[in-house]
Amino acid sequence: MAHQRIEIDHAKCTTPYACKKCLQICPMAVFGVAPMKMEKFKETDENEPGAFKLRVAFGDKCIVCNECVEVCPVHALTVTYA
């Protein structure tokens, strides 16, 4: 059975919470953002590189529309269908 594969280049996607372009455009809500840095009693800066990490939360829902690939300003996403 064929399936899709979503790859994220985290070296390019360093501030996903500030950007959110792929999260906003994805019709299937495939992506999520997880905090990587948390300090007690301090708000995490969304513009700090590496403070948040983009993840594929529901990859099985991807319809391979490639809208996320097209909207990514740093070209950090690739979607393949095999």
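Note that these values count all heavy atoms, side chains included, but never hydrogens, waters or copies made by symmetry. Since the model is a prediction, treat every value here as computed from it, not as a measurement.
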Passing candidate, side-chain contact (heavy atoms from CB on, under 4.5 Å) with Cys68, options Leu77, Ile6, Leu54: Leu77
Test item: Thr78 and Val69 side chains (from C-beta on) under 4.5 Å apart, heavy atoms: no
Separation of Lys12 NZ from Cys72 SG (nearest 0.5 Å): 8.5 Å
Where Gly32 and Leu23 come nearest, the two heavy atoms and their spacing: CA-CD2, 4.3 Å
Co-membership, hydrophobic cluster, residues Val71 and Phe52, 4.5 Å side-chain: no
Rounded distance [0.5 Å steps], CE in Met28 versus SG in Cys65: 9.0 Å
Flag, side chain of Thr44 to backbone of Lys37, donor-acceptor distance under 3.5 Å: yes
Side chain to side chain, Lys53 and Pro16, heavy atoms closer than 4.5 Å: no
For Glu43, side-chain hydrogen bond (donor to acceptor under 3.5 Å, both in side chains) partners two or more places apart: none
Ring pair (Phe, Tyr, Trp, His ring centres under 6.0 Å) involving Phe31 - partner list, sequence neighbours excluded: none
Rounded distance (nearest 0.5 Å) linking atom CD of Glu70 with atom NE2 of His75: 11.5 Å
Hydrophobic cluster identity match, Val79 and Ile25, side-chain contacts under 4.5 Å: no
Point-to-point distance, once rounded to the nearest 0.5 Å, from NZ of Lys61 to CD of Gln4: 10.5 Å
Single-linkage hydrophobic cluster Tyr81~Ile63, side-chain heavy atoms < 4.5 angstrom: yes
Which atom of Thr14 lies closest to which atom of Ala11, heavy atoms considered: CG2-O, 3.5 Å
Distance in Å, Lys21 NZ paired with Cys13 SG, rounded so as to fall on 0.5 Å steps: 12.0 Å
